[in-house]
Amino acid sequence: MALEQHGKEEKLQKGIAEFYDESSRIWEDIWGDHMHHGFYDPDSTVSVSDHRAAQIRMIQESLRFASFSEDRTKWPKSIVDVGCGIGGSSRYLAKKFGARSVGITLSPVQAERANALAAAEGLADKVSFQVADALEQPFPDGQFDLVWSMESGEHMPDKAKFVGELARVAAPGATIIIVTWCHRDLGPAEESLHPWEKDLLKRICDAYYLAAWCSAADYVKLLQSLSLQDIKSADWSPFVAPFWPAVIRSALTWNGLTSLLRSGLKTIKGALAMPLMIKGYKKDLIKFAIITCRKPE
């Protein structure tokens, strides 16, 4: 049974790496170097340039939610970006805080591109990227003042191990920020999601190489089990509502369509699944969650 589970996790990791190896360049060409949702005013109508600004705003709002101090003496000096994409968050955070940042990803293509972008921005001495597993991070205990995970938790097959690793590499007093896709919290009388909900989530998992979904409440319980402090969570779904319709519109442009056709089957499969994400949000099944906490000093 353990061998079978290990085989499934290896297959998932391989799929994730190949998916992002294929799709990252297309995403960068159309959307820039931040591979995550934007933060919008609800029901806003915006252009692609506004979407890029909204992605920066997502980082800023995440820091604000985590109650980051304006006191420079309390800013983080070392940051880990877990599931870093092509390094947009790492470079932004390193510049904002004057900190050193290291990002990890399963995709060799992403790591190489992230390092190239860091060098081009004159940040090679501050920011670096490497291929590594978020469930077995290659860092000693207590190394980072800020542990950042922007939309990577949904790929993790073992959420307890994922959260445990985030806490392990966090220094005493460090802030942990998790922004991730979740399913809705279960009601008091519910033991599981409805069959149609499970089916929709499975179809999304198959398209984007995601692991089993959990709720924000599940994350909170995991953080509580590790005796972490100042645990907060919120549902930001209304603030990301314009994102997926905008991604679909960009995919239907001439540039988007030709890029998709050149990219590979995994990226095309992901593009075809985008309406499923919109359905999940509209049905209040998918929740865009932020969960933050602090490691005791």
Side-chain angles (χ1 to χ4, degrees), residues 16 19-20 22-65 81 83-89 92 110 148-155 177-184 197 200-201 203-205 207-210 213 215-216 233-253 255-257 259-260 263 266-292:
I16 293 167
F19 177 74
Y20 286 113
E22 276 190 11
S23 63
S24 293
R25 190 69 204 204
I26 300 169
W27 183 271
E28 183 185 356
D29 287 346
I30 297 173
W31 281 74
D33 62 342
H34 292 278
M35 300 183 68
H36 56 78
H37 283 68
F39 190 99
Y40 307 86
D41 293 328
D43 304 316
S44 61
T45 303
V46 287
S47 68
V48 169
S49 60
D50 294 322
H51 291 304
R52 293 188 179 188
Q55 289 172 309
I56 297 294
R57 196 154 57 245
M58 175 61 72
I59 299 173
Q60 295 167 338
E61 291 296 331
S62 298
L63 294 171
R64 187 172 292 115
F65 184 83
D81 184 354
C84 62
I86 56 173
S89 290
Y92 179 90
Q110 285 189 334
W148 177 271
S149 172
M150 175 62 70
E151 296 188 48
S152 63
E154 51 270 20
H155 288 295
I177 298 178
I178 304 168
V179 182
T180 189
W181 312 355
C182 291
H183 67 59
R184 65 176 178 83
E197 293 176 312
L200 179 59
L201 293 182
R203 292 164 67 193
I204 294 171
C205 285
Y208 295 121
Y209 297 90
L210 307 183
W213 294 60
S215 67
S233 69
D235 174 14
W236 279 2
S237 303
F239 300 107
V240 301
F243 179 76
W244 284 96
V247 175
I248 290 176
R249 286 195 301 272
S250 66
L252 294 176
T253 62
N255 184 29
L257 287 169
S259 296
L260 266 177
S263 64
K266 286 182 171 62
T267 308
I268 293 170
K269 186 179 177 183
L272 293 174
M274 289 189 288
L276 300 179
M277 288 294 296
I278 294 175
K279 181 178 180 180
Y281 276 123
K282 286 185 174 179
K283 295 283 188 180
D284 285 328
L285 167 60
I286 296 176
K287 299 294 182 180
F288 189 88
I290 180 167
I291 308 104
T292 65

Q) salt bridge (charged side-chain N to carboxylate O under 4.0 Å, His left out) with Arg57: which residues, sequence neighbours excluded? A) none
Contacts of type side chain to side chain contact (heavy atoms under 4.5 Å, CB included), residue [X], not counting sequence neighbours:
X      : result
Ser233 : Val220, Ile291
Asp284 : Lys287
Lys282 : Ile278
Pro275 : Ile248

Looking at [atom1] of [X] and [atom2] of [Y], how far apart are the two atoms once the value is rounded to the nearest 0.5 Å?
X      : Y      : atom1 : atom2 : result
Ser152 : Met35  : OG    : CE    : 12.0 Å
Ile290 : Phe239 : CD1   : CZ    : 11.5 Å
Arg64  : Ile59  : CZ    : CD1   : 12.5 Å
Ile204 : Met274 : CD1   : CE    : 12.5 Å
Gln55  : Phe39  : CD    : CZ    : 14.0 Å
Ile178 : Thr292 : CD1   : OG1   : 9.0 Å

[X]: which residues meet the side-chain hydrogen bond (donor to acceptor under 3.5 Å, both in side chains) condition with it, sequence neighbours left out?
X      : value
Glu197 : Arg184
Trp148 : Ser89
Tyr209 : none
Tyr208 : none

Is any side-chain heavy atom of [X] less than 4.5 Å from a side-chain heavy atom of [Y]?
X      : Y      : value
Met150 : Thr180 : no
Ile286 : Leu200 : no
Met58  : Phe288 : yes

Q: Run the numbers on Ser62 and Trp236 for side-chain contact (heavy atoms from CB on, under 4.5 Å), then give the verdict.
A: CA-CA 10 Å; Ser62 298; Trp236 279 2; 3.8 Å; yes
Looking at every non-hydrogen atom in both residues, tell me the closest pair between [X] and [Y] and how far apart they are.
X      : Y      : result
Ser215 : Cys182 : C-SG, 3.9 Å
Ala54  : Tyr40  : CB-CE2, 3.5 Å
Cys205 : Trp213 : SG-NE1, 3.1 Å
Asp235 : Pro238 : O-CD, 3.9 Å

**Q.** N/O donor-acceptor pair under 3.5 Å between Gln110 side chain and Ile86 backbone
**A.** no
**Q.** Under 3.5 Å donor-acceptor, Glu151 side chain and His37 backbone
**A.** yes
Q.
Evaluate Leu210 against Leu201 for side-chain contact (heavy atoms from CB on, under 4.5 Å), listing each step before the verdict.
A. CA-CA 9 Å; Leu210 307 183; Leu201 293 182; over 6 Å; no
**Q.** Sequence-distant partners of His183, ring pair (Phe, Tyr, Trp, His ring centres under 6.0 Å), two or more places apart
**A.** none
Q) By ring pair (Phe, Tyr, Trp, His ring centres under 6.0 Å), which residues pair with Tyr92, not counting sequence neighbours? A) none
Q) When the aromatic ring centroids of His155 and Tyr20 are compared, is their separation below 6.0 Å? A) yes
